[in-house]
2 protein chains.
Amino acid sequence: MIKLEALRAFVTVAEAGNIRDAAKKLCRTPSAVSMTLKQLEEEVGGPLFETDRKNSLTALGAFMLETGAMQVDSYDRAIERVHAFAENRIGRLTLASVPSVAANLIPQILPRFVADRNEVEIEMFDIDSRSVRAMVESGQVDLGIAGRPAPDAPVSFMPLFRDRFRVICSTDSRLARINRPLRWSDLRRENLILNGASERIKAPSYKALSDRATMTVRNVTTLVALARSGFGVTLLPALSTTDLPMGVVARDLADTSVERVVGIVERNGITLSPVAAAFRKVLVEELPPLVASLGLDEREPPETPQPPKRPEALESAEIRSTDPEDAAL
Amino acid sequence: MIKLEALRAFVTVAEAGNIRDAAKKLCRTPSAVSMTLKQLEEEVGGPLFETDRKNSLTALGAFMLETGAMQVDSYDRAIERVHAFAENRIGRLTLASVPSVAANLIPQILPRFVADRNEVEIEMFDIDSRSVRAMVESGQVDLGIAGRPAPDAPVSFMPLFRDRFRVICSTDSRLARINRPLRWSDLRRENLILNGASERIKAPSYKALSDRATMTVRNVTTLVALARSGFGVTLLPALSTTDLPMGVVARDLADTSVERVVGIVERNGITLSPVAAAFRKVLVEELPPLVASLGLDEREPPETPQPPKRPEALESAEIRSTDPEDAAL
DNA sequence: TTATTAATTTCAGAGAAACTGAAATGGATA
DNA sequence: TATCCATTTCAGTTTCTCTGAAATTAATAA
């Protein structure tokens with residue numbers, strides 16, 4: 001059976017024109033190369049060189065050189081691509097993220113990531129938490145960034161940062177003039193507009209307020225426009241309130257337990273592709289400090305995120321089963 | 001360094017879905033395959049399968065399978081082509097032959113040769129002896145079939161058969177009525193037309209006749225037409241006289257030493273391509289009996305032709321250095 | 001859950017293959 | 001003919017790969 005390495009030796013000798021130089025290139029002794037060649041000739045059943053001095057090929061040798069050089073090159077390139085893939089220099093990364101992260105955080109970390117990886121294709125979906133989890137679960141994307149899934153969800157979750165809810169109201173509103181964190185009681189007289197993100201807030205005082213609310217709006221732009229018009233107020237995660245237009249303000253809540261936890265959603269028991277793993281690492285290392293630097297939250301990140309090993313991936317998702325908040329934004 | 005055989009093992013396992021079946025296909029024990037896979041994963045730096053049960057690939061494994069299957073297939077096909085070439089099932093055969101052989105003998109042996117070799121390309125030139133040798137010498141053709149070259153010619157020669165010269169004359173001619181082999185004296189009163197083939201006849205009696213001749217014609221058809229018209233007579237190798245038209249006859253010469261020796265012309269010190277070697281063998285084995293069966297010559301072939309080994313190729317051409325006849329036809 | 005079964009992995013030793021360095025051979029050059 | 005250089009041969013060593021037994025792990029049955 002003809003070995004690729006024998007082919008490589010032959011091609012090197014044929015191209016060098018003599019054994020000595022070829023042996024040097026191959027990091028072998030001339031005798032080793034000579035033996036390989038002899039064996040190769042035995043295996044193909046005919047002489048490859050016209051003379052002992054390896055500077056002239058037979059017809060068979062010429063054919064072998066043509067074929068062999070092609071194979072060796074192609075093989076080396078293929079192996080290089082495998083390594084490039086394994087070292088996440090090439091590949092394809094598909095992401096799904098809630099819009100607030102997609103718009104406010106991803107743009108800050110993505111450029112550096114792609115800079116060294118000009119052969120990596122990236123596709124990103126910005127969709128609500130529920131869809132993020134669905135896409136992760138179905139394998140449509142490698143990684144998701146979303147609020148914490150329900151504990152029984154078939155995906156694992158690694159929390160990255162907390163995002164407190166804030167009250168969004170018109171600059172003219174009564175609330176805007178209160179010079180301290182707002183209490184639930186401050187909201188009692190306001191018309192509360194519900195939204196996808198606030199849907200999953202569990203605080204009892206909030207429940208009471210939201211039960212009375214009659215309107216749900218899922219689009220942030222519309223939500224803000226309604227608040228600005230003085231029609232009502234709403235609760236949004238701080239990250240969604242970074243670029244508020246003139247006429248509306250965001251006020252902190254006194255109840256700092258009202259928050260969503262945003263993190264990485266990934267499929268259970270599936271090894272990430274090398275690019276995805278690399279991007280995950282970047283997320284874990286860079287998102288929490290980035291969020292902290294935005295000054296949205298004065299407190300520490302909720303947990304010290306540590307990348308789970310393959311077998312433990314599932315555990316890290318199951319460990320915490322506190323209230324599973326969610327944010328559609 | 002990733003070996004092709006490791007890739008092959010991986011591809012086989014990935015396609016079989018388990019190690020046991022793959023090991024069977026590879027004619028290895030499962031433990032050997034398992035170790036190969038483990039080493040492969042180490043070399044690429046990541047897991048290729050999701051679980052120990054090898055039925056589900058990681059992204060890296062999928063990429064490796066794609067790349068690897070392609071490489072293994074391509075390699076196997078390439079090696080198969082090299083073998084096909086070495087076993088003369090594929091390749092290209094270029095021949096040059098004097099027209100008499102090209103027209104009368106080659107068609108009888110070529111069909112069977114090409115029948116088992118439907119991927120062999122064949123190119124044949126029918127040209128005079130001198131050009132045959134030139135094409136062989138310059139490497140334009142693998143093999144030539146021609147008269148014996150001069151002893152110092154840079155080509156080797158393997159004689160295949162003798163071809164006696166015969167007298168071509170009109171049916172109405174005086175010579176046509178002589179009921180025995182013709183003697184030189186019979187020709188004394190005839191107008192002798194010279195030709196490329198007869199040019200190199202060395203017999204002294206012929207010399208005397210040809211010195212008196214004034215016309216040389218190199219085209220057989222014209223030559224025959226002239227003879228038919230009664231303009232003169234000419235001497236042609238018997239093989240060129242097999243399909244004489246009405247109106248001319250060929251008569252044997254009493255001097256049976258007047259002959260050309262036809263054989264294989266090949267380049268010195270050049271290994272034939274496998275197809276060429278195979279065709280050469282067919283020529284050596286089949287041409288002499290074929291010529292004998294044509295009844296052109298009652299005697300034995302001049303030597304027992306034996307295919308020369310690589311180093312001896314030159315010798316076999318040098319051994320005989322008797323009168324180097326030639327035939328332009 | 002525990003026992004059973006099947007598949008895979010680990011390990012140590014055997015065997016095969018490839019490599020090296022020294023000596024022999026073979027061509028080319030003076 | 002002698003010398004030089006490249007290549008080959010050879011024997012011994014090193015490195016790899018394979019096997020078979022035992023251990024581990026996962027899946028299935030009780």
Indicate the atoms forming the closest heavy-atom contact of D21(B) with A16(B), along with that distance.
CB-CB, 4.2 Å
Could you check whether E5(B) gets within reach of a base, just the sugar-phosphate, or nothing at all, counting any heavy atom under 4.0 Å?
nothing
From dT9(C), dT8(C), dC10(D), nucleotide with atom closest to S34(B) side chain:
dT9(C)
Would you say dT9(D) has OP1 or OP2 under 4.0 Å from some side-chain N or O of K38(A)?
yes
Is there a side-chain contact between Q39(B) and the phosphate of dC16(D), meaning an N or O under 4.0 Å from OP1 or OP2?
no
N18(A) CG - dA6(D) C1' separation (whole Å)
8 Å
Does a side-chain N or O from K54(A) land closer than 4.0 Å to OP1 or OP2 of dT8(D), or not?
yes
By nearest atom, which of the nucleotides dT19(D), dT7(D), dC19(C) is closest to the M35(B) side chain?
dT19(D)
Hey, which of these two, I19(A) or R53(A), hits DNA chain D nearer its 5' end, going by closest nucleotide?
R53(A)
Gap between atoms CE and P, on M1(A) and dT17(D) respectively (whole Å):
12 Å
Residue whose closest nucleotide on DNA chain D lies nearer the 5' end, T36(B) versus P30(A)
P30(A)
Going through the distances and angles, do Q140(B) and T94(B) end up as a side chain to side chain donor-acceptor pair (under 3.5 Å)?
CA-CA 8 Å; Q140(B) 287 176 81; T94(B) 50; over 6 Å; no
Calculate the interatomic distance between L26(A) atom CG and dA18(C) atom C1'; express it in whole Å.
13 Å
To the nearest Å, give me how far apart CG (N55(A)) and C1' (dT7(D)) are.
12 Å
Rounded to the nearest Å, what distance is computed from the CD atom of residue E41(A) to the C1' atom of nucleotide dT7(D)?
13 Å
Step by step, work out the side chain to side chain contact (heavy atoms under 4.5 Å, CB included) result for L160(B) and V284(B).
CA-CA 7 Å; L160(B) 289 177; V284(B) 166; 4.1 Å; yes
If I take atom NZ in residue K3(A) and atom C1' in nucleotide dC19(C), what distance separates them, rounded to the nearest angstrom?
13 Å
If you take atom types as modelled and just measure distance, does the side chain of S31(A) reach the base of dG21(C) with a donor-acceptor pair under 3.5 Å?
yes
Rounded to whole Å, NZ of K24(B) lies from P of dT8(C) at a distance of 11 Å
Using a 4.5 Å cut-off on heavy atoms from C-beta on, say whether the side chain of F279(B) contacts that of D142(B).
no
Can you check whether N18(B) reaches K54(B) side chain to side chain, under 4.5 Å on heavy atoms?
no
Closest nucleotide among dC19(C), dG21(C), dT19(D) to the R28(A) side chain
dC19(C)
F49(B) has an atom CZ; how far is it from atom C1' of dA26(D), in whole Å?
17 Å
